[in-house]
Amino acid sequence: MASHSEVEIKFRVGDVPALHRRLRKSGFHLLTRSTHEVNTLYDLPGQVLRKRGELLRLRKYGSDWLLTHKAKGKAGRHKTRVENETHIADGGRMEAILLALGFAPTFRYEKFRAEWSDGKGQVVVDETPIGNFGEIEGPARWIDSTAQVLQIPRTDYITATYSDLFFQWKQQTGSPANKMTFSAIRTRTSRR
């Protein structure tokens with residue numbers, strides 16, 4: 001797959017069924033039902049990629065595997081960054097290759113993701129262990145007009161990554177969880 005410039009925003013979702021109704025009413029079609037997704041971020045010793053503002057991710061979405069590299073982004077009203085992504089036949093072997101090259105897992109997060117499209121861009125609805133979020137991805141003007149149709153004010157735009165949101169959540173809640181997985185957060189918060 002070719003690289004492309006990813007332009008997106010996140011937003012908090014208080015009522016997932018209500019958002020689904022607004023999406024349908026606005027002409028969006030469900031591409032993928034809510035599907036379990038597991039993501040592992042990798043980096044070299046010394047957090048080389050993180051220090052450069054880059055990301056290397058191995059994702060399992062349902063039964064599909066994807067390897068993604070995201071370049072350093074620009075954050076304004078929207079987050080913009082160059083993304084290279086490709087399907088992987090065997091996630092376990094890809095992980096073995098990354099480990100052999102000196103990469104190590106640095107953060108793991110999971111969610112249930114549903115994907116919607118109107119043919120011009122995409123809206124995803126993510127149910128995560130730290131709350132529900134949506135993402136609107138497409139051309140900048142389309143993002144703003146879609147957000148307006150979905151009743152999301154610009155003051156609610158989020159350009160942080162899921163790892164940033166997780167560490168903000170940890171600071172707010174005092175949770176000792178070290179990964180954003182349902183089992184880690186349920187186990188850690190139930191022990192407090």
Side-chain angles (χ1 to χ4, degrees), residues 1 4-41 55 57-68 70 73 75 77-81 83 85 87 107-170 172-173 175 177 179-186 189:
M1 294 182 168
H4 74 279
S5 193
E6 173 190 67
V7 182
E8 69 177 18
I9 57 107
K10 287 183 180 68
F11 58 95
R12 293 190 183 277
V13 178
D15 185 341
V16 171
L19 177 58
H20 287 175
R21 286 190 297 275
R22 286 196 301 272
L23 284 162
R24 278 190 205 94
K25 185 178 177 185
S26 302
F28 282 81
H29 302 285
L30 184 65
L31 298 176
T32 309
R33 293 184 184 277
S34 185
T35 301
H36 187 242
E37 177 182 298
V38 179
N39 300 275
T40 305
L41 303 183
L55 173 149
R57 177 184 67 209
L58 183 60
R59 168 179 284 172
K60 184 176 185 195
Y61 185 63
S63 61
D64 293 335
W65 288 92
L66 294 166
L67 182 67
T68 306
K70 294 187 181 193
R77 185 170 66 234
H78 312 101
K79 182 171 62 176
T80 305
R81 62 197 319 185
E83 176 182 271
E85 187 168 71
H87 288 273
F107 182 63
R108 186 172 178 177
Y109 62 104
E110 70 179 327
K111 56 194 170 189
F112 286 88
R113 170 170 276 188
E115 299 173 307
W116 297 76
S117 180
D118 68 351
K120 297 175 190 167
Q122 191 173 42
V123 176
V124 299
V125 181
D126 291 338
E127 298 176 64
T128 83
I130 62 168
N132 301 325
F133 295 88
E135 288 184 1
I136 305 174
E137 183 178 341
R141 286 185 182 171
W142 179 86
I143 289 173
D144 292 336
S145 64
T146 299
Q148 187 174 18
V149 166
L150 296 177
Q151 303 169 10
I152 301 153
R154 288 186 183 183
T155 54
D156 290 353
Y157 286 15
I158 299 169
T159 57
T161 65
Y162 274 117
S163 61
D164 293 335
L165 291 171
F166 172 72
F167 288 107
Q168 289 170 13
W169 174 86
K170 270 183 60 104
Q172 291 168 352
T173 64
S175 173
K179 52 189 170 183
M180 195 175 100
T181 62
F182 292 100
S183 62
I185 289 177
R186 184 174 44 246
T189 55

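The structure places OG1 of Thr40 at 10.5 Å from CZ of Arg59, a figure rounded to the nearest 0.5 Å. Between atom NE2 of residue His29 and atom CG of residue Leu23 there is a gap of 11.0 Å, rounded to the nearest 0.5 Å. Between the NZ atom of Lys25 and the CG atom of Leu150 there is a distance of 11.5 Å, given to the nearest 0.5 Å. Note that CD1 of Ile9 is 10.0 Å distant from CZ of Arg77, once rounded to the nearest 0.5 Å. Separation of atoms OH (Tyr109) and CD1 (Ile185) is listed at 13.5 Å; rounding is to 0.5 Å. If you take CG on Leu55 and OG on Ser163, they are separated by 7.5 Å, rounding to the nearest 0.5 Å.
With contacts defined as side-chain heavy-atom distances shorter than 4.5 Å, the pair Ser26/Asp118 does not qualify. A heavy-atom distance below 4.5 Å is not found between the side chains of Val125 and Asn132. Between Ile136 and Phe11, the closest side-chain pair of non-hydrogen atoms falls below 4.5 Å. In this structure the side chain of Glu110 never reaches within 4.5 angstrom of the side chain of Lys179, judged on heavy atoms. Side-chain atoms of Leu165 and Met180, non-hydrogen and from C-beta on, never get closer than 4.5 Å to each other. Within the 4.5 Å cutoff, no side-chain heavy atoms of Thr146 are placed close to those of Lys120. In this structure the side chain of Arg22 never reaches within 4.5 angstrom of the side chain of Phe28, judged on heavy atoms. Between Phe133 and Arg12 the shortest side-chain heavy-atom distance falls below 4.5 Å.
Residues satisfying the side-chain hydrogen bond (donor to acceptor under 3.5 Å, both in side chains) test with His78, not counting sequence neighbours, are Asp144. For Lys79, the salt bridge (charged side-chain N to carboxylate O under 4.0 Å, His left out) partners at least two apart in sequence or on another chain are Glu8.
Minimum heavy-atom separation, Val13 to Gly134: CG2-N, 3.4 Å. Nearest heavy atom pair, residue Ala184 against residue Ala177, reads O-CB, 4.1 Å. Closest of all the heavy-atom pairs between Leu30 and Ala114 is CD1-CB, 4.2 Å. Taking all atoms of both residues into account, the shortest heavy-atom contact from Ser5 to Thr80 is OG-CG2, 3.4 Å. Taking every heavy atom of both residues into account, Arg33 and Tyr61 meet most closely at O-OH, 4.2 Å.
Relative orientation of the Phe182 and Phe112 rings is tilted, given thresholds of 30° and 60° on the angle between their planes.
Neither side chain, Tyr162 nor Asn39, offers a donor N or O lying under 3.5 Å from an acceptor on the other.
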Can Glu6 and Arg81 be said to form a salt bridge (Lys or Arg N to Asp or Glu O under 4.0 Å), step by step? CA-CA 5 Å; Glu6 173 190 67; Arg81 62 197 319 185; 5.0 Å; no
Applying side-chain contact (heavy atoms from CB on, under 4.5 Å), run through Arg113 and Thr32 and close with a yes or a no. CA-CA 8 Å; Arg113 170 170 276 188; Thr32 309; over 6 Å; no
Could you check His36 against Lys60 for side-chain contact (heavy atoms from CB on, under 4.5 Å), going step by step and ending with a plain yes or no? CA-CA 8 Å; His36 187 242; Lys60 184 176 185 195; over 6 Å; no
